[in-house]
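Ligands are counted one by one from 1 in listed order, and the atoms in each one are counted from 1 as well. Numbering starts at 1 and runs along the sequence shown. Not measured: the values here are computed from a predicted model.
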Amino acid sequence: MTQKKFNVAVAGATGAVGNVMIKCLEERNFPVANLKLLASKRSAGKKLRFKGDEVEVEEMTKDSFKGVDIALFSAGGGTSLEFAPIAAQSGAVVVDNSSAWRMDPDVPLVVPEANPHAVAGYKTKGIIANPNCSTIQMLVALAPVYREYGIKRIVVSTYQAVSGSGKKAIDELFDQTRAKINFINYEKKVYPHDIAFNCLPHIDVFLDNGYTKEEMKMVNETRKILENDKIAVTATTVRVPVFYGHSESVNVETIKHADVSEVRKLLETSKGVKIVDNPKENVYPLAIDAAGQDLTLVGRLRQDESIENGINMWIVADNIRKGAATNAVQIAEILAESYL
Ligand code: A2P
C-alpha cells in the first residue's frame, strides 16, 4: 500500500453502511490522514470511534468537503444526487454507494474483482459508483466464469437481508418478530407487509414492465460492469427475514461449455471467492456464515442438466460489507494506490 495518507470523509456515517465503512477503513488499515464523519443535522455532535479515537459527527453541508481527498457516500440517493457533485467540485473523489449515479455513462461502476480498470474513468465527474449489493456478490463469482467461458444468460433469484434497507429495517424485523411471538400488535414502518416469518417478492419500487427497480439494477449493472450489453439477465429479488447476508440462486448459461469441476477449480483460485461446497456433509454457503466477513461464498455447484452449457450455484455474501462498505473501501484502495 502507498505511503501517502488521505483525508477521508464518510457521508452517512451513522447509518448501517456508513458505520461499517468506518470499520473497514480501520480494519484494512487504509492510509487515513484525517477522518471526517458526516450525517444529517439530527446526528451532529454524536461521537463514533475510529482507531481508538472518538470522532465527532458533523452535519453535512456544501462546505463539508474542503480538503477532502476521498468521500465515501452512503446517505441515500437524494443526498448523493445533491452532494456528490459538490464534493467532487471541492476536489474529492466520491465513491457513492447509492443507485443515483450507477448508470451515468460518465461514472464508472466498479467491482474490484471484476473490472478494476474502470476506476480510471472517475476523472470526468469525480464520482465512482458502488454497484447494488446483489450485483456485487453475483459478479465476484461470475466475472471469472465470464472471462473463461463467456456468458449468454443469467437467471437469478435473491434472498435478501433486511439490513439492505437500513437501520430502521433491522429494528423492524427484530421488533416485529418479538411482537409476534408475544402476540402483541406491531405497527409496520418500513415494509408494506410483515417481514417476520415471511418473504416479500418486492425490493425497491415496481416499474411499468412489472419488475422491481432492484431487479432491473441487476440486469443493467451486470451489463455495464462486464461491458457487454448482449448478456441476457433476468432477476427476481426477494426480501427475507434475515438480518445480514444476501443469498442468491444463480443459473448461468455459458457460451463455451463449462464443466462443473472446471468451474469449481476456477473459482477456488478467484479473488474474493471462497468455495463452500460439500453438501453431503451439510456444508454450503449460509448467510449466518457470510455475515461479518468479506468473502463471497459459493456452493451448491451443479451442472444444469436441462441445457447444454449451464451451471447452477448458490452465492452468499455480507450485503453490508462486500455488498457495500468493503467494496467502496476496496475502490478507495485502488484510487489511493494508482490514481491519487
Ligand atoms: P442520520 O443518522 O443523521 O439520519 P441508513 O441507511 O442506515 O438509514 O442510514 C442513512 C445515513 O444517511 C445516516 O447516516 C443518515 O444520517 C444519513 N442521512 C440521511 N439523510 C441525510 C442528509 N440529508 N444529510 C446527511 N446525511 C443524511
Whether Arg223 and Asp229 form a salt bridge (side-chain N of Lys/Arg under 4.0 Å from carboxylate O of Asp/Glu) is what I want to check.
no
Distance under 4.0 Å, heavy atoms only, partner ligand 1: which residues pass?
Gly12, Ala13, Thr14, Gly15, Ala16, Ala39, Ser40, Arg42, Ser43, Met60, Ser74, Ala75, Thr79, Gly166, Lys167
Arg28 vs Asp294 side-chain heavy atoms within contact, under 4.5 Å
yes
Is a side-chain donor-acceptor pair under 3.5 Å present for Tyr191 with Asn198?
no
Glu113 bridged to Lys322 by N-O distance under 4.0 Å:
yes
Under a 4.0 Å N-O cut-off, is there an ion pair linking Asp171 with Lys168?
no
Full working for salt bridge (charged side-chain N to carboxylate O under 4.0 Å, His left out) between Lys265 and Glu268
CA-CA 5 Å; Lys265 264 194 219 144; Glu268 268 166 0; over 6 Å; no
